[in-house]
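The next block holds one structure in the form of C-alpha cells; read it before the comments.
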2 protein chains.
Amino acid sequence: MDSNILNNLKLTKVAASKIDTFDFENVKFGEKFTDHMLVCEYKNGEWGTLEIKPYAPITLDPSARVFHYGQAIFEGMKAYKEENNDIWMFRPDQNFERFNKSAIRLAMPAIDETRFIGGLKELIKVEKEWVRKGLGNSLYIRPFMIATESGVIASPSNEFLFCILLSPAKSYYAGKIKVQIADYYSRAANGGIGAAKAAGNYSAQFYPTKLAQEAGFNQVIWTDSNHTHLEEAGTMNVFFRINDTLFTAPTSDRILDGVTRKSLIQLGESLGYDIKIESVQVDTILNAAKNGTLKEIFGAGTAAVVNQIEGFSYKDQYYQLPEMADEESYALQLKNALTKLQNKLADDPFNWTVKI
Amino acid sequence: MDSNILNNLKLTKVAASKIDTFDFENVKFGEKFTDHMLVCEYKNGEWGTLEIKPYAPITLDPSARVFHYGQAIFEGMKAYKEENNDIWMFRPDQNFERFNKSAIRLAMPAIDETRFIGGLKELIKVEKEWVRKGLGNSLYIRPFMIATESGVIASPSNEFLFCILLSPAKSYYAGKIKVQIADYYSRAANGGIGAAKAAGNYSAQFYPTKLAQEAGFNQVIWTDSNHTHLEEAGTMNVFFRINDTLFTAPTSDRILDGVTRKSLIQLGESLGYDIKIESVQVDTILNAAKNGTLKEIFGAGTAAVVNQIEGFSYKDQYYQLPEMADEESYALQLKNALTKLQNKLADDPFNWTVKI
Ligand SMILES: Cc1ncc(COP(=O)(O)O)c(C=O)c1O
Ligand SMILES: Cc1ncc(COP(=O)(O)O)c(C=O)c1O
C-alpha cells in the first residue's frame, strides 16, 4: 500500500446521511446505495487522486467510449460485520486481481492495490453504519471502470473512471431455481472475453435468458461453442453432484474464475468431499439424471452464495432432481460453512477474511 | 411515418452555432460533433417525445445498466450534399432495420421508423450547413441506444435513451493497410451477439487489435470458433479476390450484415463481376497467396467505404499481395462507383439514396 495515495484521498461528506430512512429489512439486491462513493480518474497515462464523495450522477459526453464500444468492467464482492462490530472483507485480493485481468483483456489500464483495496477500505470506514450484523446480512461492493474519453472512434479510450458503489444486501432465501441448458445461444467465444467481468458479457445473456424465463426457467446454463459441455450460469459458476462426487468445469477463457467457486472447492476438500474439476458433458448429466445418480446441481456466486437448482431442461425435455434432506445436501452444507466463515461465526483457517 | 410524433418534436436551438470555428479540412473521423443532437427516452414501456437540443453531456446514475451490463447498441451511416444543395441519406432503411435487430438481441426495445428515420431527417435539416459538398465529404451519423435504469442487477433495463449524434467527415485516403488473421482471439461466439452492432463486441476486439498493432499490423481479420474460416474485420466486412472471382463470407450470427458489403455485392454484380458469397477458408487464401492467384483483399464499411489491404500475416508468416494498376483493382472500381452514387455524381438505379 502506498500511504501517499491514501493520505491524499479527498473526502467530501454528505450534509445529512439518508441511513435513517433506509429500509434494511426490505431492500432488494443492488437497488439502493449508501451515502458515498469512491471515484478516481485515469488521464494522461496515470491514475489520479482518490476521492470519496456523496453518491451522485456521472456526467459524460454523449460520445464517451463506454456508450459506444462497451469498454466497461466490474467486480462484485461483499463485506460483513461481526458481532463485536469489526468489519471484514472476503478475499478482496481475488477481486482485485480479477479486476486487473479484466482490464487488460479490455485494453483498459490496471489499477494499483492501494487505490482498489486501500480506497475500498477507506470508503467502508466512512460507511460503517451501513454494514449490518447478522448471518446473511452484508454490504455488497461494486467496483467498476468505464471508458470516458469522447469520440466515436472504434479504438481504446485513453481516459477512464474507476468507481466503487456500496449497496446493503439482505439475507434472502431465493428458493430453488430451474435452469435451461443452452443449445443454441452462447455468452462467450473461444478466445473471447468470457473470463473477464466485462459489461458486454451480460448484455449478451439478457435476451436468451428472457426466452428461458418466458419458458418457465430462471436462468441459463451456458455451454461451449459446440453446446456439448456445461460451463457456467449467468452470474454463477455451477457444480454437479453425481453420486457423491462434485464436478465443476475448469476455468478457461470463456468462464469466469469465480471467487465463490474456488472457495467452495477448497472448503469442500477440507470437509472431505470428492471434488473433480473437469469438463462436464451435457450427455453425462442427462444420463445421470435418467439413471438417478444425479443428486444435486447448484450455482455459486457472490450474490446468492449458493443457489440450489431443482431441475433443468435440455432441448425441451425437463429433468427434475430428486428431493433430498437438507442435511444430505452438499449445496447447503457448503453454503452454511462458507457464510459462517464470512460472517466470522466460524474459524477461517484459510485467512480469507480481511479486517478493515 | 407518424406525423403526430414529428409535430410534437421539441426543438431547442443553440444560442450561437460553433460552425464558424469548425475546421472542416482537418477534422478527424468521429472526433467532433455538430451543434445539436436528437434524444428520445424510453420509459414505462414506450418511447417518449423526440427532442432536438444543443449537444450536451449525458447525466446518469453511477449504477445505470449501461455502465455495468453493456446494454448499448449503435449504428453508423452517412449523408451527402449534392452540388445543388440537396442532402441525401444512404440506405437509412438498412440501418434502421439493423438497429432494431441489434435491439432485440440485446433485450432492448425496438424503435419506430418515425423516431429513427423521421427524427434523423429533422436533425439533419437543422444541421444542414454542417453537410459539405464534394466527393468524399460527408456527414457521419451515429444513432445509439443505452440502458439508463439504475440498479446493479444483472437483468435488462426498463429505461433507455436513444440519441443521434452528427459528425462531419472528411474524405481521406487512409492508404493500404496490413492485417493479421486471428488464430487465437475471437470477437464473436456461435449464438453470440456478433451480428448485432453491440457496444460489447468492440470492447472484445481492442486488446487483440492492440497486440496486432504492436506487431506492425493495422487490424485483425476475425475467424470462426475453430479459426479455420475468415469472417470480417473490426469495423469492416472483407472481400477476397482470387483470379477474377470476388469472395465474401455469408452473414451469420457472428458477422455484421454490413450495408457497404451488401451494396458492393449488388454494384459488383451490376458491373458484371463474378461474386461468390461463401465461407472462405484460411487455407484457401494461404494457398492462393502462395500460388499468386490471390489478387486483392479489401474491407468494406461505412467509415472508409473500401479499404485496400496490401498484405496479411497468419501465424507469424507474412504474405504480401501483388502490386496492381489502379484501373485493374476491383476495390478501387467498386469504391469509385459507390462513392459517386452516394454523392449523386452517378445514377442510382437501386434507389439507395433518400432525399431529406
Ligand atoms: C458470469 C459469472 N460467473 C460466475 C460468477 C461468480 O463469481 P464470484 O463467485 O466471484 O462472485 C459471476 C459473478 O458474480 C459471474 O458474473
Ligand atoms: C463489425 C463490423 N463489421 C462490418 C461493418 C461494416 O458495416 P457497414 O457497411 O454497414 O458500415 C461494421 C460497421 O461499420 C462493423 O462494425
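Order of the sequence lines sets the chain letters (A, B, ...), proteins ahead of strands, with each chain counted from 1.
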| Checking Leu106(A) against chain B: side chain, backbone, both or neither under 4.5 Å from a heavy atom? | both
| Considering only heavy atoms from C-beta outward, does the side chain of Pro57(B) approach that of Asp61(A) to under 4.5 Å? | no
| request: Identify which of Ser225(B), Ala182(B), Gly192(B), Ser150(B) forms the greatest number of heavy-atom pairs closer than 4.5 Å to chain A. | output: Ser225(B)
| said: What part of Thr235(A) gets within 4.5 angstrom of chain B, counting heavy atoms only: side chain, backbone, both, or neither? | reply: side chain
| Do we see a donor-acceptor contact under 3.5 Å between the side chains of Tyr185(B) and Asp253(A)? | no
| Do you know the tightest heavy-atom contact between Ala188(B) and Ala189(A)? | O-CB, 3.4 Å
| said: Using heavy-atom distances under 4.5 Å, tell me whether Ala56(A) contacts chain B through its side chain, its backbone, both, or neither. | reply: backbone
| note | Comparing Ala199(B), Gly200(B), Ala147(B) against chain A, the one with the most heavy-atom pairs below 4.5 Å turns out to be Ala199(B)
| message | Restricting to non-hydrogen atoms, name the atom on Phe29(B) and the atom on Val152(A) that form the minimum distance, rounded to 0.1 Å. | response | CE2-O, 4.2 Å
| query | If only atom types and distance count, is the side chain of Arg105(A) paired as donor or acceptor with the main-chain N or O of Ala204(B) below 3.5 Å? | reply | yes
| Proximity breakdown for Met37(B) and chain A, heavy-atom pairs closer than 4.5 Å | side chain
| task | Using a 4.5 Å cut-off on heavy atoms from C-beta on, say whether the side chain of Asn201(A) contacts that of Tyr69(B). | result | no
| task | Name the option with the most non-hydrogen atom pairs under 4.5 Å to chain A; the candidates are Tyr55(B), Phe33(B), Tyr202(B). | result | Tyr55(B)
| task | Select one option (side chain, backbone, both, neither) describing which atoms of Ile193(B) are under 4.5 Å from chain A's heavy atoms. | result | side chain
| field | Contact leader toward chain A among Gln71(B), His227(B), Arg187(B), where contacts are heavy-atom pairs under 4.5 Å | value | Gln71(B)
| Atom pair OG (Ser155(B)) and CD (Gln205(A)), whose distance is rounded to the nearest 0.5 Å | 11.5 Å
| said: So for Ala154(A), is it side chain, backbone, both, or neither that comes closer than 4.5 Å to the heavy atoms of chain B? | reply: both
| query | Are more than 12 heavy atoms from other residues, nucleotides or ligands located less than 6.0 Å from atom NZ of Lys18(A)? | reply | yes
| Selection from Tyr207(A), Phe206(A), Tyr140(A) maximising heavy-atom pairs under 4.5 Å formed with chain B | Phe206(A)
| message | Between Ala72(B), Pro62(B), Ala107(B), who has the most heavy-atom pairs with chain A when the cutoff is under 4.5 Å? | response | Pro62(B)
| Top contributor to chain B contacts, counting heavy-atom pairs under 4.5 Å, from Thr59(A), Ile58(A), Ile146(A) | Ile58(A)
| message | What's the separation between atom OG in Ser203(A) and atom CE in Met108(B), rounded to the nearest 0.5 Å? | response | 8.5 Å
| Taking the six-membered ring for Trp, are Phe144(A) and His68(B) ring centroids under 6.0 Å apart? | yes
| said: Please classify the contact between Ile104(A) and chain B as side chain, backbone, both or neither, with a heavy-atom cut-off of under 4.5 Å. | reply: both
| Flag if over 12 foreign heavy atoms under 6.0 Å of CD, Glu41(A) | no
| request: Decide if atom CG of Asn226(B) counts as having more than 12 heavy atoms of other residues, nucleotides or ligands within a radius under 6.0 Å. | output: yes
| field | Arg142(B) vs Ser63(A) side-chain heavy atoms within contact, under 4.5 Å | value | no
| field | Short side-chain donor-acceptor distance under 3.5 Å, Tyr184(B) and Asn190(A) | value | no
| message | Please classify the contact between Leu60(B) and chain A as side chain, backbone, both or neither, with a heavy-atom cut-off of under 4.5 Å. | response | both
| query | Would Phe67(A) and Phe74(B) count as a close aromatic pair, with their ring centres under 6.0 Å? | reply | no
